[in-house]
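Quick note on labels: first sequence line is chain A, next is B, and so on, each numbered from 1.
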There are 2 protein chains.
Amino acid sequence: MTRTSGTTVDKAYEQLRDQLVTFGFKPGSRLNESEIAQTLSMSRAPIREALNRLIADGLVSFEPGRGFFCRRLSTSEVNDLYETRFDLESGAIAAALAACDDATLESFAMTWHDRHAAADGGTLDQLVDLDEAFHLGLSALAGNASRLKYLENINYRIRFVRRINLEPGTRRVGGISEHAKLIDAIRHRDTAQAIALLRQHLQKSADEVRLQVQTALAHIYADDVA
Amino acid sequence: MTRTSGTTVDKAYEQLRDQLVTFGFKPGSRLNESEIAQTLSMSRAPIREALNRLIADGLVSFEPGRGFFCRRLSTSEVNDLYETRFDLESGAIAAALAACDDATLESFAMTWHDRHAAADGGTLDQLVDLDEAFHLGLSALAGNASRLKYLENINYRIRFVRRINLEPGTRRVGGISEHAKLIDAIRHRDTAQAIALLRQHLQKSADEVRLQVQTALAHIYADDVA
DNA sequence: GTCGTCAGAATTGTCGACAGCATAGAAGAC
DNA sequence: GTCTTCTATGCTGTCGACAATTCTGACGAC
């Protein structure tokens with residue numbers, strides 16, 4: 001999905017990330033390096049390196065002398081992440097409208113209008129991807145690398161919940177249709193309106209994710225593994 | 001400053017961080033693992049681990065197969081960081097005023113009023129510390145862990161410039177006095193005013209830091225090492 | 001003079017091993 | 001029966017070595 005380089009560390013990174021993201025490890029549980037190394041048939045070194053990088057993504061935590069732990073997830077953390085995300089995205093919108101010329105905004109609006117049309121009726125994953133890409137694309141208009149990096153990081157930590165398809169058919173990606181209104185507000189340089197729409201949109205998304213977290217946690221603790 | 005555990009990795013982490021933060025390595029230059037290992041008289045493993053953690057702090061970058069590199073610094077990066085910081089801090093203020101009761105705000109105001117009074121006439125480092133601590137304390141009122149984490153990260157990436165005392169006596173920490181007005185606005189729950197003051201304050205700070213970056217870069221490239 | 005090619009050197013990527021610490025479980029005191 | 005102490009096990013922290021890759025500089029073709 002990201003970079004599919006051939007190196008062993010990357011393999012470890014991707015495998016671990018996917019497993020962490022879908023809570024293949026129990027929240028808060030300790031990750032046994034040797035065990036993981038054996039499972040992925042590689043040495044402990046690349047595992048350790050991958051785990052260190054996953055700290056940055058907020059997917060694992062680390063305690064000196066004790067090792068790495070699968071991150072815990074709670075609805076309050078989801079709240080925090082969405083609140084932070086709103087701060088950054090609304091800032092990005094304000095900055096973008098202040099900095100971009102009309103042609104850029106118009107081109108942005110056209111591009112994403114088309115992409116939304118093309119994705120109509122796609123799978124869940126495709127819609128989630130589209131949603132993420134749209135918000136990142138919007139934020140990228142402001143041309144601020146550090147803000148974008150933090151937003152990507154936040155996405156990573158929320159994403160997994162959106163991907164778990166607990167009961168196929170039950171779920172939908174809410175609010176994709178709301179993007180159209182947001183795009184309009186942007187094109188008309190209506191900052192206040194755009195930010196208001198963003199707030200609504202993110203609130204809805206947050207509600208959805210919160211609900212899923214609860215369901216997911218119940219699920220995880222139901223089929224006790226070890 | 002952070003955690004001063006006895007482990008080797010921590011030693012490596014701190015040493016490297018300090019060196020990176022003061023640009024003991026040349027911006028953009030490749031970091032030779034073996035060389036560093038020899039200098040710090042330890043093996044490459046802990047060095048590598050420390051470097052991986054420093055990626056998260058934005059102090060080094062990494063390219064597969066090529067190694068670790070000292071981050072580059074530019075005035076545009078400073079702009080980005082300050083803009084992002086404004087997004088987060090203004091969000092924190094809005095959230096804090098919405099969530100906190102009067103007693104909490106009052107206690108916050110008193111505490112920081114006193115601390116500012118106590119720090120009057122302190123050294124440069126002390127003032128920088130005070131400034132950072134105040135802004136973090138303010139943001140902490142909102143009680144959002146993820147936002148606070150990102151703010152701390154941003155501080156880290158800006159801090160070094162503020163610490164380099166190129167020509168003793170020339171510099172001052174601007175705008176500490178402006179905190180008083182900000183505290184007042186907070187106590188009176190005047191969100192708009194508080195955010196306006198914050199914007200001014202950060203703009204001033206950013207100007208100061210930008211200037212220093214240029215001076216620092218000139219300095220670094222002046223005494224060419226290798 | 002410039003570009004492409006090709007060894008040689010240097011550096012990163014990965015491994016297995018051992019030392020030291022943390023944890024868990026058994027044995028004993030009260 | 002509960003708490004403490006001690007021991008044994010398992011795990012992390014660190015190391016040195018080798019394999020694989022990238023970089024450097026020289027040589028030769030055009």
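- Judged purely by distance below 3.5 Å, without hydrogens or angles, the side chains of A:Tyr150 and A:Asp87 never pair a donor atom with an acceptor atom.
- Scanning residues 38-47 of chain A for heavy-atom distances under 4.0 Å to DNA chain D yields A:Arg44.
- Atoms CD (A:Glu63) and P (D:dT12) sit 12 Å apart, rounded to a whole Å.
- A:His179 and A:His201 have perpendicular rings, their planes meeting at more than 60° on a 0 to 90° scale where under 30° would count as parallel.
- At distances below 3.5 Å, at least one donor-acceptor pair connects side-chain atoms of B:Arg30 with backbone N or O atoms of B:Arg66.
- Between A:Thr104 and A:Asp101, the side chains place a donor N or O and an acceptor N or O closer than 3.5 Å (distance only, hydrogens not considered).
- For the pair A:Arg30 CZ and D:dT9 C1', the computed distance is 12 Å after rounding to whole Å.
- Remark: side-chain polar atoms of A:Thr84 are paired, donor with acceptor, to backbone N or O of A:Asp80 under 3.5 angstrom.
- As a whole-Å value, the separation of A:Leu31 CG from D:dT12 P is 9 Å.
- Evaluation of the side-chain hydrogen bond (donor to acceptor under 3.5 Å, both in side chains) rule for B:Asn155 yields no partner, not counting sequence neighbours.
- Residue pairs meeting the salt bridge (Lys or Arg N to Asp or Glu O under 4.0 Å) criterion with at least one member in residues 34-47 of chain B, sequence neighbours excluded, are B:Glu33-B:Arg44.
- For the pair B:Glu35 CD and C:dA10 P, the computed distance is 13 Å after rounding to whole Å.
- Checking the phosphate oxygens (OP1, OP2) of C:dT23, a side-chain nitrogen or oxygen of A:Arg66 falls inside 4.0 Å.
- Under the ring pair (Phe, Tyr, Trp, His ring centres under 6.0 Å) criterion, no residue pair touches residues 72-94 of chain A, with sequence neighbours excluded.
- D:dG10 atom C1' lies 17 Å from atom CZ of A:Phe68, rounded to whole Å.
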Which pairs, protein N/O on one side and nucleotides 6-8 of chain C N/O on the other, fall under 3.5 Å?
none

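- If you check every strand for non-hydrogen atoms under 4.0 Å, B:Phe62 touches sugar and phosphate atoms only.
- Regarding B:Glu33, its CD atom lies at a distance of 15 Å from the C1' atom of D:dG16, rounded to whole Å.
- Within the nucleic acid shown, A:Leu51 has no heavy atom closer than 4.0 Å to any nucleic acid atom.
- If A:Gly65 and A:Glu49 are placed on DNA chain C by their nearest nucleotide, the residue sitting closer to the 5' end is A:Glu49.
- Every residue meeting the side-chain hydrogen bond (donor to acceptor under 3.5 Å, both in side chains) condition with B:Asp207, not counting sequence neighbours, appears here in chain and number order: B:Arg210.
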